[in-house]
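Down below is the structure, laid out as structure tokens.
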Amino acid sequence: MDPAQQLRQLVSGYQVSQALHVAARLGLSDLLASAPRTVTDLARATSTHEPTLGRLLRALMSIDVYELDAEGMIVNTELSELLRSDVPGSVQGWAAFFGRSHHWQSWGGLYDSVLTGENAFTAVHGTSVWEYRRQRPEEQGAFDRAMTSRTGAVTDSVVDAYDFGRFGTVADIGGGAGALLAAILERYPRVHGVLFDQPDVVADAGPLFERAGVESRYEKADGSFFESVPAGADAYLLKAVIHDWSDADSVTILRACRRAVPAHGTVLLVEQLLGQGPEPVRTAFSDLNMLVGPGGQERTVDEYRDLLEAAGFVLTEVTETGTPVFVIAATPTETGG
């Protein structure tokens with residue numbers, strides 16, 4: 001591929017993203033999980049226009065997402081298997097969210113964000129991404145499933161890389177449905193968990209803990225991490241939380257943790273690091289996604305160190321997980337933030 005071809009392919013990448021989004025929302029890979037199917041079968045099962053569905057599948061087959069078997073039936077490939085909702089490492093939730101109209105429309109504001117430094121989502125939609133989803137439960141549900149999907153992709157690696165067994169109680173702050181906390185409790189049978197998030201989020205938590213057989217070792221708590229978090233846990237875990245927010249807001253969140261953490265406690269940030277990890281391109285574009293969407297940013301180790309120090313913590317350890325995320329550990333200073 002010459003440079004012009006390569007660049008044209010990059011420019012048209014949004015077309016691939018949208019095609020994958022449609023396949024994920026229709027659940028095509030789930031429908032193909034048990035047996036090959038014809039376009040007619042798939043169109044009937046998804047209530048779609050058969051000729052147009054065929055065009056979508058032809059485009060996806062050209063990039064090795066789906067293929068035809070010897071009988072001309074459509075089957076999953078190694079790639080499309082990951083668009084199933086029930087497989088380890090599933091990307092289905094992320095693909096189904098990433099192409100939703102409110103999300104990709106906000107990327108249309110990237111030009112103005114680069115000119116002004118302001119958040120694109122707010123400029124395009126007239127409200128923050130958080131308020132937009134709060135008013136639209138369907139969109140909030142799609143986002144929650146996307147976050148669960150992303151957490152699932154790194155959960156095992158995080159639990160393998162870091163020894164959570166040293167803590168008696170782990171409080172997962174902004175933990176969503178609790179995928180990471182449930183995995184920690186399953187791995188470490190002596191650890192107790194606290195799942196903390198907004199009331200409507202934690203109200204729906206539970207199934208993951210039940211499936212893991214750890215429902216008796218965790219409790220729910222709700223509120224705003226800008227104001228306070230449950231006190232007295234040995235570790236405060238914040239996965240993909242701080243990167244959503246500006247420096248000022250991040251320090252506010254961390255100071256709420258500082259007020260709650262005991263002297264022997266630890267704060268653990270699970271975040272990507274700019275310029276580090278096995279997928280630096282993903283992290284760099286995630287940084288733009290933070291600019292466009294919630295208004296935060298990805299950061300370097302030194303930038304996280306500065307945030308933690310401003311909130312009354314000292315960074316003590318950075319643990320690689322073999323994925324784009326790292327576990328950044330910090331302990332409280334004597335004087336606080």
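- Atom CG of L291 is separated from atom OG of S113 by 4.5 Å, given to the nearest 0.5 angstrom.
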Evaluation steps, side-chain contact (heavy atoms from CB on, under 4.5 Å), between F225 and Y236: CA-CA 12 Å; F225 50 41; Y236 286 80; over 6 Å; no

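- When all heavy atoms are compared, the tightest approach of A171 to A233 is CB-CB, 3.8 Å.
- Within the structure, the salt bridge (charged side-chain N to carboxylate O under 4.0 Å, His left out) test picks out no pair touching residues 214-241 (sequence neighbours left out).
- Listed by chain and number, the residues in a salt bridge (charged side-chain N to carboxylate O under 4.0 Å, His left out) with E67 amount to none (sequence neighbours excluded).
- The side-chain heavy atoms of Q272 and F326, taken from C-beta on, include no pair separated by under 4.5 Å.
- For residues 12-62, no pair satisfies ring-ring contact (aromatic ring centres under 6.0 Å, His included), with sequence neighbours left out.
- Transitive grouping of hydrophobic side chains (ILVMFWY, heavy atoms separated by less than 4.5 Å) keeps L7 and L110 in distinct clusters.
- Applying the side-chain hydrogen bond (donor to acceptor under 3.5 Å, both in side chains) definition to pairs two or more places apart or across chains, those involving residues 128-140 are R100-E138, R100-E139, H102-E139, E131-R134, E131-Q135, Q140-D144.
- Of all the heavy atoms in G322 and P278, the pair that sits closest is O-CG, 3.7 Å.
- With a 4.5 Å cut-off on side-chain heavy atoms, R187 and D160 count as touching.
- At distances below 3.5 Å, not a single donor-acceptor pair connects side-chain atoms of R25 with backbone N or O atoms of A96.
- Considering only residues two or more places apart in sequence or on other chains, L269 meets the side chain to side chain contact (heavy atoms under 4.5 Å, CB included) condition with L238, I242, L254, V267, E271, Y304, L308, I328.
- Using a 4.5 Å heavy-atom cutoff, the side chains of Q18 and W104 are in contact.
- No side-chain heavy atom of F313 sits less than 4.5 Å from a side-chain heavy atom of T331.
- Considering only residues two or more places apart in sequence or on other chains, F98 meets the ring-ring contact (aromatic ring centres under 6.0 Å, His included) condition with W94, H103.
- Follow the hydrophobic side-chain contacts under 4.5 Å out from V201 and you never reach L208; the two are in separate clusters.
- Across all their heavy atoms, P332 and A263 have their closest contact at CG-O, 3.6 Å.
- Within 6.0 Å of atom CD in Q9, 12 or fewer heavy atoms from other residues, nucleotides or ligands are found, so the atom counts as exposed in its surroundings.
- Partners of T40 by side chain to side chain contact (heavy atoms under 4.5 Å, CB included), not counting sequence neighbours, listed by chain and number: T38, R44, E50.
- T155 and A183 make their closest contact through CG2-CB, 3.2 Å (heavy atoms, listed as atom of the first residue, atom of the second, distance).
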Intermediate values then yes/no, side-chain contact (heavy atoms from CB on, under 4.5 Å), R145 and Q92: CA-CA 9 Å; R145 290 188 292 274; Q92 193 273 341; 5.8 Å; no

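- A donor-acceptor contact closer than 3.5 angstrom links the side chains of D30 and S85.
- Between D2 and Q5 there is a side-chain heavy-atom pair separated by less than 4.5 Å.
- T300 places no side-chain N or O within donor-acceptor distance of the main-chain N or O of L274, the cut-off being under 3.5 Å.
- V194 belongs to no hydrophobic cluster, as no Ile, Leu, Val, Met, Phe, Trp or Tyr side chain comes under 4.5 Å of its own.
- The same ILVMFWY cluster, assembled from side-chain heavy atoms under 4.5 Å apart, contains both V229 and V251.
- Residues R255 and A310 come closest through the heavy atom pair NH2-O, 3.0 Å.
- Q297 CD to D244 CG: the interatomic distance, rounded to the nearest 0.5 Å, is 11.5 Å.
- Using a 4.5 Å heavy-atom cutoff, the side chains of D287 and T283 are not in contact.
- Contact check for S62 versus R58: no side-chain heavy atoms found under the 4.5 Å cut-off.
- The side chain to side chain contact (heavy atoms under 4.5 Å, CB included) search around V124 returns none, not counting sequence neighbours.
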Derivation and outcome, side-chain contact (heavy atoms from CB on, under 4.5 Å), residues D112 and E118: CA-CA 8 Å; D112 289 329; E118 300 299 319; over 6 Å; no

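- At a threshold of 4.5 Å between side-chain heavy atoms, the hydrophobic network of Ile, Leu, Val, Met, Phe, Trp and Tyr places L288 and V281 in one connected group.
- Taking 4.5 Å as the limit, every side-chain heavy atom of F121 sits out of range of all side-chain heavy atoms of W107.
- Residue R55 qualifies as open at atom CZ: its count of foreign heavy atoms under 6.0 Å is 12 or below.
- For F285, the CZ atom counts as loosely surrounded, since its 6.0 Å shell holds 12 or fewer non-hydrogen atoms of other residues, nucleotides or ligands.
- For the salt bridge (charged side-chain N to carboxylate O under 4.0 Å, His left out) condition, the pairs that include at least one residue of residues 294-305, sequence neighbours left out, are D247-R299, D302-R305.
- Applying the under-4.5 Å side-chain rule to Ile, Leu, Val, Met, Phe, Trp and Tyr, the cluster around L31 extends to V16, L20, V22, L26, L28, L32, V39, L42, L53, L56, L57, L60, M61, I63, V65, Y66, L68, I74, L79, L83.
- Between atom CD of residue E309 and atom CG of residue D306 there is a gap of 6.0 Å, rounded to the nearest 0.5 Å.
- Nearest heavy atoms, A95 versus A24: CB-CB, 3.8 Å.
- Interatomic distance, R84 CZ to S90 OG, rounded to the nearest 0.5 Å: 9.0 Å.
- Atom CZ of F196 is separated from atom SG of C257 by 9.0 Å, given to the nearest 0.5 angstrom.
- Clustering of Ile, Leu, Val, Met, Phe, Trp and Tyr side chains at separations under 4.5 Å places Y218 together with V154, V158, V159, Y162, F164, F167, V170, L180, L181, I184, L185, Y188, V191, L195, V202, F209, V214, L237, L268, V270, V325, V327.
- A distance of 15.5 Å separates CZ in R190 from CZ in R166, rounded to the nearest 0.5 Å.
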